[in-house]
Amino acid sequence: MRCGFTKLSVMTACLLSFSQVSQADFELDLGFASEYVRSGLKQSSAKPVLQVGGLYASQLGFYGGAWLSGVERGDGDSTRFEIDGYGGFYYPITPLFALDVGAMRATFWGDADGSEQAYNEGFFNFLIDDSVTLGYRLADDYMGSGSELQTIELAYTLNSGSFGFEFSGRQYRYLEISEDVNWGSKSRDNYFHFRVGVARTYDVHNLSVGLERTNLSGEFDGGTQLLFTYSRNFKF
């Protein structure tokens, strides 16, 4: 079984992970990232952040967990942490095909304005050989915008020994836009986010490097990002 949603930007409490969930009932990861990037957008002003994730998985296919990252956006934004909770169900249809469905709750901590950015998101993933993911996510009142955000994802992961390779692309689209809710102009409702990454596992130590790119202008802190992460895994 794999994690339910990819937090390549944020959301990933465990969204496209490079490894499958083991037989352990509970796993905990403690580590840091050279920068926090959510959906291709910078969230820590080019500064390293601490990140913590916990995952429980049952042999029946149900799983749930939580994920935390430091946040430092600057420009008077006092948000300091993002904490996400998620749960889902992984169902193997055949030895080749599987479904992964669930929901998450993203929350932001720092001041009252940050708490207003909290939102819920449902996700549905169709997996081929646990390596190709066709995914769909829908968030209500995304980041307090008052509009729903739709995400369509295509990702491929290749595991080879202790190495994992990831290639993915996503389109993010507001279902309703206005002068205040858009991606650069009142006629632009979407943008694209691409990622290429490699990870290496040394026993309980996990290292990764990824290159991310969006087609957004600089005002959204998108562009090209090079990220490094390290985490230490604990199984219970």
Side-chain angles (χ1 to χ4, degrees), residues 3 5-19 28-55 65-84 86 104 106-111 113-114 117-119 121 137 139 142-143 149 151 153 155 157 163-172 183-184 191-202 205-233:
C3 297
F5 62 92
T6 319
K7 212 132 199 163
L8 293 157
S9 2
V10 61
M11 301 191 246
T12 101
C14 88
L15 273 174
L16 232 291
S17 63
F18 287 110
S19 61
L28 180 68
D29 284 285
L30 303 176
F32 67 89
S34 60
E35 182 171 4
Y36 177 29
V37 175
R38 145 189 272 278
S39 305
L41 310 180
K42 294 180 181 180
Q43 299 292 303
S44 63
S45 302
K47 297 178 182 178
V49 294
L50 295 176
Q51 296 184 334
V52 181
L55 169 66
W67 183 86
L68 176 149
S69 177
V71 175
E72 187 172 342
R73 298 174 182 147
D75 296 327
D77 190 319
S78 60
T79 303
R80 291 297 173 260
F81 296 99
E82 176 179 344
I83 303 176
D84 301 342
Y86 62 92
M104 64 155 279
T107 62
F108 303 88
W109 300 80
D111 62 13
D113 290 337
Q117 299 174 16
Y119 66 91
E121 181 176 74
R137 304 200 305 265
Y142 179 71
M143 300 289 288
L149 183 76
T151 304
E153 173 186 41
T157 57
F163 283 92
F165 303 89
E166 175 198 340
F167 308 88
S168 61
R170 294 164 189 78
Q171 184 203 52
Y172 301 90
W183 296 112
Y191 74 94
F192 290 90
H193 169 211
F194 303 96
R195 175 181 166 89
V196 176
V198 59
R200 176 70 190 274
T201 299
Y202 297 91
H205 304 283
N206 305 298
L207 300 168
S208 76
V209 59
L211 183 67
E212 305 198 21
R213 172 74 183 176
T214 72
N215 63 338
L216 286 174
S217 63
E219 67 176 296
F220 290 98
D221 283 332
T224 302
Q225 325 285 348
L226 181 63
L227 306 176
F228 301 90
T229 69
Y230 165 78
S231 68
R232 205 282 195 194
N233 179 260

Closest non-hydrogen atoms of Leu28 and Gly54, given as atom of the first, atom of the second and distance, are CD1-CA, 4.2 Å

Test item: Leu41 and Tyr191 side chains (from C-beta on) under 4.5 Å apart, heavy atoms:
yes

Rounded distance [0.5 Å steps], OG in Ser45 versus CG in Asp221
7.0 Å

What I'd like to find out is whether the side chain of Gln117 reaches to under 4.5 Å of the side chain of Asp77, using heavy atoms alone.
yes

For residues Gly70 and Val49, report the shortest heavy-atom separation together with the two atoms involved.
O-CG1, 3.5 Å

Measuring from atom NE2 of His193 to atom CZ of Arg38, what distance do you get when rounded to the nearest 0.5 angstrom?
12.0 Å

With sequence neighbours excluded, what pairs up with Glu72 under the side chain to side chain donor-acceptor pair (under 3.5 Å) test?
Lys47

Rounded to the nearest 0.5 angstrom, the CZ-OG1 distance for Phe194 and Thr224 is 11.5 Å

Looking only at heavy atoms, which two atoms of Thr214 and Gly40 are closest? And how far apart?
CG2-O, 3.5 Å

With heavy-atom distances below 4.5 Å as the criterion, would you say the side chains of Tyr119 and Met143 are in contact?
yes

For Thr79 versus Arg73, what's the shortest heavy-atom pair and its separation?
OG1-NH1, 3.5 Å

Mark yes or no: Arg170 above the aromatic ring of Tyr172, with NZ or CZ under 6.0 Å from the six-membered ring centre and no more than 45 degrees from the axis.
no

Please report the closest heavy-atom contact between Ser44 and Glu35, naming both atoms and the distance.
OG-CG, 3.2 Å

Reported CG-to-CG distance for the pair Leu50 and Leu68, which is rounded to 0.5 angstrom:
8.5 Å

Under 3.5 Å, is there a donor-acceptor pair between the side chain of Thr157 and the main chain of Phe165?
no

Measuring from atom CZ of Phe220 to atom CG of Asn215, what distance do you get when rounded to the nearest 0.5 angstrom?
11.0 Å

Under 30°, 30 to 60°, or over 60°: which ring-plane class applies to Phe32 and Tyr230, parallel, tilted or perpendicular?
tilted

Rounded to the nearest 0.5 Å, what separation is found between the CD atom of Glu153 and the OG atom of Ser168?
6.5 Å

Is it true that the side chains of Trp67 and Ser69 contain a donor and an acceptor less than 3.5 Å apart?
no

Minimum heavy-atom distance between Val71 and Phe81, given as atom pair plus value
CG2-C, 3.9 Å

Is it true that a side-chain atom of Thr107 and a backbone atom of Ile83 form a donor plus acceptor pair closer than 3.5 Å?
yes

